[in-house]
Amino acid sequence: MRFAPPALAQEEDPFADIADQADQASEHKYESETIRPVSMPEKPLPAMSGGDKPAFTPPPKMETPAQYQEELVRMRKKFASYLANLAPAMTSTRVIEPLESFDWRLGTP
(Lines give C-alpha, C1' and ligand atoms only; values in the text may rest on other atoms or scores of the structure.)
Protein backbone atom coordinates (compact mmCIF):
# COMPACT_ATOMS: atom_id res chain seq x y z
CA MET A 1 0.00 0.00 0.00
CA ARG A 2 1.38 3.38 -0.96
CA PHE A 3 1.72 6.19 1.51
CA ALA A 4 -0.57 9.14 0.76
CA PRO A 5 0.11 12.60 2.14
CA PRO A 6 -2.40 13.68 4.82
CA ALA A 7 -3.95 16.32 2.56
CA LEU A 8 -4.80 13.76 -0.15
CA ALA A 9 -5.89 11.06 2.30
CA GLN A 10 -8.78 13.18 3.59
CA GLU A 11 -10.24 13.97 0.14
CA GLU A 12 -13.34 12.10 -0.99
CA ASP A 13 -12.54 9.34 -3.51
CA PRO A 14 -15.64 8.25 -5.50
CA PHE A 15 -13.90 5.13 -6.82
CA ALA A 16 -13.06 3.97 -3.31
CA ASP A 17 -16.75 4.40 -2.36
CA ILE A 18 -17.82 2.23 -5.32
CA ALA A 19 -15.31 -0.45 -4.33
CA ASP A 20 -16.59 -0.41 -0.74
CA GLN A 21 -20.20 -0.78 -1.91
CA ALA A 22 -19.33 -3.75 -4.12
CA ASP A 23 -17.34 -5.35 -1.31
CA GLN A 24 -20.20 -4.99 1.16
CA ALA A 25 -22.72 -6.36 -1.34
CA SER A 26 -20.65 -9.48 -1.98
CA GLU A 27 -20.36 -10.21 1.76
CA HIS A 28 -24.14 -10.34 2.26
CA LYS A 29 -25.11 -11.88 -1.05
CA TYR A 30 -25.54 -15.48 0.10
CA GLU A 31 -26.55 -14.98 3.72
CA SER A 32 -30.29 -15.05 3.03
CA GLU A 33 -30.14 -18.22 0.93
CA THR A 34 -29.73 -21.59 2.55
CA ILE A 35 -28.21 -24.27 0.38
CA ARG A 36 -29.77 -27.60 1.17
CA PRO A 37 -28.41 -30.96 0.03
CA VAL A 38 -30.23 -32.60 -2.85
CA SER A 39 -31.74 -35.99 -2.14
CA MET A 40 -30.73 -38.48 -4.81
CA PRO A 41 -32.11 -42.00 -5.26
CA GLU A 42 -29.74 -44.82 -4.41
CA LYS A 43 -28.37 -46.09 -7.73
CA PRO A 44 -25.96 -49.04 -7.64
CA LEU A 45 -23.06 -48.94 -10.07
CA PRO A 46 -22.66 -51.85 -12.52
CA ALA A 47 -19.41 -52.90 -10.87
CA MET A 48 -21.14 -53.18 -7.50
CA SER A 49 -24.23 -55.06 -8.67
CA GLY A 50 -22.36 -58.33 -9.32
CA GLY A 51 -22.19 -59.33 -5.68
CA ASP A 52 -18.96 -61.08 -4.75
CA LYS A 53 -17.91 -61.57 -8.39
CA PRO A 54 -15.29 -59.00 -9.45
CA ALA A 55 -16.29 -56.54 -12.19
CA PHE A 56 -13.07 -57.08 -14.15
CA THR A 57 -10.87 -60.11 -14.46
CA PRO A 58 -7.61 -59.65 -16.36
CA PRO A 59 -6.87 -62.01 -19.26
CA PRO A 60 -4.21 -64.68 -18.80
CA LYS A 61 -0.63 -63.54 -19.19
CA MET A 62 1.00 -64.11 -22.59
CA GLU A 63 4.13 -66.19 -22.33
CA THR A 64 5.35 -66.45 -25.94
CA PRO A 65 5.60 -64.13 -28.97
CA ALA A 66 3.25 -66.49 -30.83
CA GLN A 67 0.50 -65.84 -28.27
CA TYR A 68 1.08 -62.13 -28.70
CA GLN A 69 0.79 -62.38 -32.49
CA GLU A 70 -2.42 -64.45 -32.22
CA GLU A 71 -3.92 -61.82 -29.93
CA LEU A 72 -2.93 -59.05 -32.35
CA VAL A 73 -4.65 -60.87 -35.23
CA ARG A 74 -7.76 -61.41 -33.09
CA MET A 75 -7.90 -57.74 -32.04
CA ARG A 76 -7.33 -56.53 -35.62
CA LYS A 77 -10.27 -58.63 -36.78
CA LYS A 78 -12.40 -57.38 -33.90
CA PHE A 79 -11.73 -53.70 -34.63
CA ALA A 80 -11.42 -53.88 -38.45
CA SER A 81 -14.92 -52.46 -38.98
CA TYR A 82 -14.04 -49.39 -36.89
CA LEU A 83 -10.75 -48.81 -38.72
CA ALA A 84 -12.15 -49.15 -42.26
CA ASN A 85 -11.72 -46.12 -44.50
CA LEU A 86 -15.34 -45.37 -45.48
CA ALA A 87 -14.86 -41.75 -46.51
CA PRO A 88 -15.47 -40.93 -50.18
CA ALA A 89 -12.45 -40.03 -52.27
CA MET A 90 -11.85 -36.30 -52.33
CA THR A 91 -11.75 -34.46 -55.61
CA SER A 92 -8.73 -32.30 -56.21
CA THR A 93 -9.27 -28.56 -55.86
CA ARG A 94 -5.87 -27.71 -57.30
CA VAL A 95 -5.80 -26.25 -60.81
CA ILE A 96 -3.16 -28.04 -62.86
CA GLU A 97 -1.82 -26.51 -66.06
CA PRO A 98 0.39 -28.87 -68.03
CA LEU A 99 3.59 -27.34 -69.39
CA GLU A 100 4.03 -28.60 -72.92
CA SER A 101 6.37 -26.24 -74.72
CA PHE A 102 9.35 -24.33 -73.45
CA ASP A 103 11.31 -21.43 -74.91
CA TRP A 104 14.55 -21.37 -73.03
CA ARG A 105 18.09 -20.43 -73.97
CA LEU A 106 21.50 -20.90 -72.51
CA GLY A 107 22.73 -17.72 -70.90
CA THR A 108 25.79 -16.01 -72.30
CA PRO A 109 28.40 -14.74 -69.89
Is there a path from [X] to [Y] through hydrophobic residues (I, L, V, M, F, W, Y) whose side chains come within less than 4.5 Å of each other?
X	Y	answer
L99	W104	yes
L106	F102	yes
M75	Y68	no

Any side-chain hydrogen bond (donor to acceptor under 3.5 Å, both in side chains) pairs touching residues 74-89, not counting sequence neighbours?
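Qualifying pairs, neighbours excluded: E71-R74.
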